[in-house]
Amino acid sequence: MAPAPSPASPPANRGSVRDPGGSGAPVTISNRDVVRTLERIAGLLEIRGDNPFKVRAYRQAAVQVENLETPLSEIAAQEGGLRAIEGFGAAIAEKVQELLRTGRLGFLEDLEGEVPPTLLTICELPGVGPRTAAALWHEAGISTIDQLDHAARSGGLAGIPRLGARSLENLVAALDRRVARGGRRRRPREEVTGLAETLRDELRALPAAQRVELAGSYRRGEATVGDLDIVVATRHPVEVLTCFAALPQVERVILRGDTKCSIEAGGGLQVDCRAIPPESFGAAWQYFTGSAAHNVRLRGRALRLGLTLNEYGVYRVEGGGRVAGAEEAEVYAALGLDWIPPERRLDRGEIDAASRGVSAPMAGE
DNA sequence: TTAGTATT
DNA sequence: CATAATACTAAA
């Protein structure tokens, strides 16, 4: 998610739109601005190696703001203020308040003074995460893509831990692809429908494939998709994945293992294919449909019921007995839930709403 | 075997 | 205090 539109994000804080005319008119900070700021903070903290729970807190706050229907400025003015938002504690509420009031955020400016914000762009390269970015910065003084490109091609990265010959090759390839086409972006659903259905049908034609379905944001019916996800029930996963990687639409194989294969097709669109034994198909389809937040919520609920959920099924924590897995509805049922339509699987209260037995508060409204 | 990145 | 679980790759 979040492919950061990033037309070369400015070095300065996004919020510092400081009313250049000097009219004194209040600067409007949109919810999107706040989301970007919170995510920026999270990314920089992560590169700095800060407490993962703190990083998570900023990400969680960003997600909550994303889900809001009301402008933050309105909420700030109401009873309880920003603290009323789930995931907003004292620290984050105060920072967002400052951003809304002044259009700037001192904390972020300080952070950007400490950790070069251009490292966030480096983190967008596939295969490069916060740890690698931090190593590049500390061990080789690299903070920009240009510096990285130069160093990668001139032996300037020798000696950086966990960055061997093979990783370097991959890095250079990623830099080349980055030049070739600007950044991965989400595409309108209609643009990928043909490709999605074609790939699905080609897999359905394989004798080894018992069942083939699309999953991910495509199945959730989202207006745009960042990639495609396909689940295949089969007794012969390697054979299926080998065929998948050899389909005529495949432009590049990103990775290929025994249960999972990712390729690019349709002009750089990533397509993930997961091969799963038939008795696990329901759990796998559920897992691959997401959303990620929905899955995490579901798995947390499973734990509270003494169960554990993964893409292979629902299991008892003690004893490990299998409770469900072949059908999606049976997975939800094992967790005491009615089947939830994919479109609603966004972690926006749908799980409580689907809860049977112990009635969920119906939030009269 | 482990670290890092990736996936929902 | 503190959200789940797993796969793949390269390095060690």
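Below, chain A is the first sequence line, B the second, and so on; all start at residue 1.
- Rounded to an integer number of Å, the gap from CZ of A:Arg166 to C1' of C:dA12 is 16 Å.
- Nucleic acid contact class of A:Asn51 (heavy atoms, under 4.0 Å, all strands): base.
- Evaluation of atom-type donor-acceptor distances gives no pair under 3.5 Å for the side chain of A:Tyr287 against the base of C:dT6.
- In this structure, the CZ atom of A:Arg162 is 7 Å from the P atom of B:dA3, given to the nearest Å.
- Contact annotation for A:Ala165: backbone-only contact, meaning every heavy-atom pair under 4.0 Å involves sugar-phosphate atoms and none involves a base.
- OP1 or OP2 of C:dA7 has at least one side-chain nitrogen or oxygen of A:Tyr312 nearer than 4.0 Å.
- Using the six-membered ring where Trp is involved, A:Phe107 and A:Tyr58 have ring planes that are parallel, under 30° apart on the 30 and 60° scheme.
- In this structure, A:Arg220 does not pair ionically with A:Glu350, as no charged nitrogen and carboxylate oxygen lie closer than 4.0 Å.
- The distance between atom CD of A:Glu169 and atom C1' of C:dT9, rounded to the nearest whole Å, is 13 Å.
- Residue A:Phe288 is classed as a sugar-phosphate contact, given heavy-atom separations below 4.0 Å to backbone atoms only.
- Each of A:Leu309 and A:Phe53 lies near DNA chain C, and the nucleotide nearest A:Phe53 is the one positioned closer to the 5' end.
- DNA chain C lies under 4.0 Å from at least one heavy atom of each of the following residues of residues 294-302 of chain A: A:Val296, A:Arg299.
- To the nearest whole angstrom, the two P atoms, one in B:dT7 and one in C:dT3, are 24 Å apart.
- For the pair A:Gln270 and B:dT7, the criterion of a side-chain N or O lying under 4.0 Å from OP1 or OP2 is met.
- Under a 4.0 Å N-O distance rule, the pair A:Arg59/A:Glu46 qualifies as a salt bridge.
- The nearest whole Å value for the distance from the CD1 atom in A:Ile230 to the P atom in B:dT7 is 15 Å.
- The OH atom of A:Tyr58 sits 18 Å away from the P atom of C:dT3 (whole-angstrom rounding).
- Rounded to a whole Å, the CG atom of A:Leu241 is 12 Å from the C1' atom of C:dA7.
- Nearest-nucleotide assignment on DNA chain C puts the 5′-proximal partner with A:Gln60, out of A:Gln60 and A:Pro161.
- Comparing A:Gly290 and A:Arg131 by the nucleotide of DNA chain B that holds the closest heavy atom to each, the one mapping nearer the 5' end is A:Arg131.
- A:Pro52 comes within 4.0 angstrom of nothing in the nucleic acid, heavy atoms only.
- Taking OG1 from A:Thr242 and CZ from A:Arg256, the interatomic distance works out to 4.0 Å, rounded to the nearest 0.5 Å.
- Under the 4.0 Å criterion applied to side-chain N and carboxylate O atoms, A:Arg348 and A:Glu69 are assigned as salt-bridge partners.
- Looking at heavy-atom distances under 4.0 Å, A:Ser262 makes no contact with the nucleic acid at all.
- A sub-4.0 Å separation between OP1 or OP2 of C:dT9 and a side-chain N or O of A:Ser167 is absent.
- For CD of A:Glu114, the number of neighbouring non-hydrogen atoms (other residues, nucleotides, ligands) closer than 6.0 Å is greater than 12.
- In this structure, A:Glu328 places its CD atom 13 Å from C1' of B:dT8, rounding to the nearest Å.
- The side chain of A:Arg56 lies closest to C:dT3 when the candidates are C:dC8, C:dT3, C:dA5.
- A donor-acceptor pair shorter than 3.5 Å cannot be found between the side chains of A:Asn170 and A:Ser167.
- Between A:Thr259 and the phosphate of C:dT6, there is no side-chain N or O to OP1/OP2 separation shorter than 4.0 Å.
- Looking at every heavy atom in both residues, A:His294 comes nearest to A:Asp347 through N-CB, 3.9 Å.
- By the 4.0 Å N-to-carboxylate-O rule, A:Arg40 lies close enough to A:Glu112 to be salt-bridged with it.
- Regarding contacts with the backbone of B:dT5, a side-chain N or O of A:Thr132 is found under 4.0 angstrom from either OP1 or OP2.
- Of the candidate nucleotides C:dA7, B:dT7, C:dC8, B:dT7 has the atom nearest to the side chain of A:Asp229.
- Contact annotation: A:Asn170 side-chain N/O to C:dA10 OP1/OP2 distance is under 4.0 Å.
- Between the C1' atom of B:dA3 and the CD atom of A:Glu139 lies a distance of 15 Å, rounded to the nearest Å.
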